[in-house]
Amino acid sequence: MKESTRPEGSPVVVGVDGSPESILALKWANTLAPTLGATITAVIAWHLESMYGPFASSDWDPEYTAQQVIETALVQAFGDTPPEGLTSKIVRGQPAKVLLDLAESAQLLVLGSRGHGGFAGLLLGSVSSACAAHATCPVLVVHTETKQERLTSPAQGFQGGDDEPAGKA
């Protein structure tokens with residue numbers, strides 16, 4: 001594998017869609033970013049066709065909705081104390097392409113295993129799968145625990161307070 005030429009301080013990029021997996025991805029990024037000497041860039045991408053097809057309402061503002069989703073996700077992940085240097089981006093485009101483009105200058109790309117789209121039974125969504133296959137930086141795909149896993153085995157990952165990840169990487 002080719003050594004990374006990304007300078008220290010390149011961001012940890014996190015894909016956000018408001019799902020529980022993306023909230024956990026933000027928490028994992030917050031845990032890992034200081035180790036890498038990095039800041040966090042939270043990214044939400046929107047694309048009309050992937051959201052509502054040709055039936056989108058003309059009075060609906062997808063950028064405003066994306067802004068609300070990312071703001072809510074950041075509060076859910078960090079409360080009133082966001083990490084130092086945290087930035088957020090709202091980008092129009094196919095989510096996988098947007099994240100892959102941003103990953104070119106990132107130290108790490110962190111994603112939830114599944115977002116709001118797709119099928120509930122899948123272990124890996126189409127965006128996380130595409131990013132894991134094609135990113136030019138390391139990719140961390142975060143899974144949340146299922147209720148059955150919590151009941152039958154010790155939790156994997158960190159076991160800290162509310163501000164630490166408790167899912168599986």
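Numbers here simply count residues along the sequence, with the first being 1. These numbers were taken from a predicted model, which means no experiment stands behind them.
Taking OG of S22 as the reference point, atom CD of Q76 lies at 8.5 Å (rounded to 0.5 Å). To the nearest 0.5 angstrom, I44 atom CD1 is 10.5 Å from L99 atom CG. Put simply, OG1 on T41 and CG on L86 are 8.0 Å apart, with the number rounded to the nearest 0.5 Å. Going from atom OG1 of T144 over to atom CD of E21 covers 4.0 Å, rounded to the nearest 0.5 Å. For the atom pair T65 OG1 and W46 CH2, the distance stands at 9.5 Å (nearest 0.5 Å). In this structure, the separation between CG on L74 and CD1 on I23 is 7.5 Å, given to the nearest 0.5 Å.
The only option from P138, C131, P11 that meets the side-chain contact (heavy atoms from CB on, under 4.5 Å) definition with L109 turns out to be C131.
Looking only at side-chain heavy atoms (C-beta outward), T39 and T87 stay at 4.5 Å or farther from each other. When side chains are defined from C-beta on, L102 counts as touching K89, because their heavy atoms get closer than 4.5 Å.
Residues V142 and A25 come closest through the heavy atom pair CG2-CA, 4.1 Å. Here the closest non-hydrogen pair linking T31 and T35 is O-OG1, 4.1 Å. Pairing each heavy atom of A103 with each of T136, the nearest pair is O-OG1, 3.7 Å. When all heavy atoms of Q67 and I90 are compared, the closest pair comes out as OE1-CD1, 2.6 Å. The shortest heavy-atom contact between S128 and V141 is CB-CG1, 4.3 Å. Between V127 and P95, the closest heavy-atom pair is CG2-CB, 3.9 Å.
For K97, the side chain to side chain donor-acceptor pair (under 3.5 Å) criterion is met by D101, not counting sequence neighbours.
Here the side chain of S10 pairs no donor or acceptor atom with the backbone of Q107 at under 3.5 angstrom.
Cluster annotation: L100 is not connected to V13 through the hydrophobic network of ILVMFWY side chains, with a link wherever side-chain heavy atoms come within less than 4.5 Å.
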